[in-house]
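Source: prediction; values computed, not measured. Keep in mind that the numbers below use all heavy atoms, side chains included, and drop hydrogens, waters and symmetry copies. So you know, we letter chains A, B, ... as the sequences are listed, proteins then strands, and number each from 1.
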2 protein chains.
Amino acid sequence: MRYHKVPDETIRRLPVYLRGLCSFPNNGSHSISSQQLADILHVKSPQVRKDLSYFGDIGTPGVGYDIQKLTKHIRAILQLNNVHCAALVGYGNLGAALLKYTGFGTFCIEINTVFEKDPRKIGRVVRNIKIEEVSKISSLSKRGISIAILAIPAAESQDVTDKLVNAGVGGILNFTSSYLSVPANVKVINIDIGVSLACLPYYLPVGA
Amino acid sequence: MRYHKVPDETIRRLPVYLRGLCSFPNNGSHSISSQQLADILHVKSPQVRKDLSYFGDIGTPGVGYDIQKLTKHIRAILQLNNVHCAALVGYGNLGAALLKYTGFGTFCIEINTVFEKDPRKIGRVVRNIKIEEVSKISSLSKRGISIAILAIPAAESQDVTDKLVNAGVGGILNFTSSYLSVPANVKVINIDIGVSLACLPYYLPVGA
DNA sequence: GAAACTCTGTGAACGAGAACTCAATCACGG
DNA sequence: CCGTGATTGAGTTCTCGTTCACAGAGTTTC
């Protein structure tokens, strides 16, 4: 199931819609209108309709969207119907926090593999996961893991990325501050905490 | 120093430029061309020129941009010339990781205040910072802190945000999954780790 | 000192995404 | 069974940001 040409921005909003649907109070009604959904998520209602219309006729005019059906549909689009296992590379401060992070469950994503360079950490067991050395990344393809989370120092990021790509990883969530060069069929999503924070002072009133 | 109308996207790239300049090998030359800068950061060279041109004539035709001068200039634009203190709200997994995070130093931002709800953590000292209770947020204005990092459960986010805004905070880095409602003069930057991760499966080859 | 070369700054074209608008569709009540 | 009200889906417009192309300024070379 692959769709024509959907804006990345739309894809990015789908998980937000999903979360909105989960939190929608089940007050008897089976359906929700684009306006209601828009209000919850603080976007405009035409935006919601347009986003959803990329994937065929999901709603029914005069009524709205069937909540359960819509939820299932979005999960199907995002390929979140079956659990995805993800590998975490780097068990430093951030890595440890991510492993304990509970916000992935809603989206059926579960970190079940951890790699680390530091020999002192290798072998330790956290949350039933044994920390492995980075050279074991090559075994990911055999384990059917195609998503990786990169939380290591910038200097090693390209090196590890190459290993991940070779192991068949198709999606990388990059917390590193460096640009990752990957083949076209691999998707990288960057989260640069430093840059985001550095933008804030610009918006402060002058002299603050 | 406030400039006409600069795209948010441009502002977001400035810290990246800054980092690129820092890592540029000091090989005798004092200047760098838009092309060189573009190559390092994997953007197009007209993009670099346009971004920088919003802030007046910084470069010299035929030569390029004086590295030191440009660095200073970007820091001035972003208001990063003097150190900014930031308050961290929430000392959970993520909060603890952020406090230890070293990536903020490049941008002259330093977390020097920590608030937490859990009474067992209040009073503890980490990195010379004493963890305070959330009710002390109101004292931020007196301390001249106008940037906050929000790393708490979604349920309490709006509550704490209101407290922050009342205390004169003008910029919030929001790791919470919820939308924050703030007055127009307060800037919120959202980092939603769950959503970013949830997007990845969409891009995987079907059936992976 | 002039010509050739390099690189910036900017106006204009282009493209993507968001907001608007309205016709078509469906449920429901009389 | 038909009219009324509600809401979707899509075509259009608008806004924002990126890319392009070129004029002009500075530097180097002969």
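- Closest to the side chain of B:Tyr54, out of C:dA24, D:dA10, D:dT18, is D:dT18.
- Phosphate contact (OP1/OP2 of D:dT18, side-chain N/O of B:Arg13, threshold under 4.0 Å): present.
- Across all strands, B:Asp8 comes closer than 4.0 Å only to sugar-phosphate atoms, never to a base (heavy-atom distances).
- The side chain of A:Ser33 lies closest to D:dT7 when the candidates are D:dG26, D:dA10, D:dT7.
- Using a 4.5 Å heavy-atom cutoff, the side chains of A:Ile111 and A:Phe104 are in contact.
- The minimum heavy-atom distance between A:Val134 and A:Lys117, with the atom names listed, is CG2-N, 3.7 Å.
- Considering only side-chain N and O atoms, B:Ser34 lies nowhere under 4.0 angstrom from the phosphate OP1 or OP2 of C:dC7.
- Taking atom CG of residue A:Asp51 and atom P of nucleotide C:dA19, one finds them 10 Å apart after rounding to whole Å.
- Between D:dT19 and B:Gln47, a contact under 4.0 Å exists linking OP1 or OP2 to a side-chain N or O.
- Heavy atoms of A:Ile58 sit under 4.0 angstrom from primed sugar atoms or phosphate atoms, though from no base atom.
- Note on B:Tyr65: a side-chain N or O is less than 4.0 Å away from OP1 or OP2 of C:dG9.
- Residue contacts shown for B:Pro46 include a base, since a base heavy atom lies under 4.0 Å away.
- Considering only side-chain atoms of A:Arg49, the nucleotide from C:dT8, C:dC20, C:dT21 that sits closest is C:dT21.
- Distance A:Lys44 NZ to C:dG17 P: 18 Å, rounded to the nearest Å.
- Judged purely by atom type and a 3.5 angstrom limit, A:Glu116 has no side-chain atom pairing as donor or acceptor with the backbone of A:Glu132.
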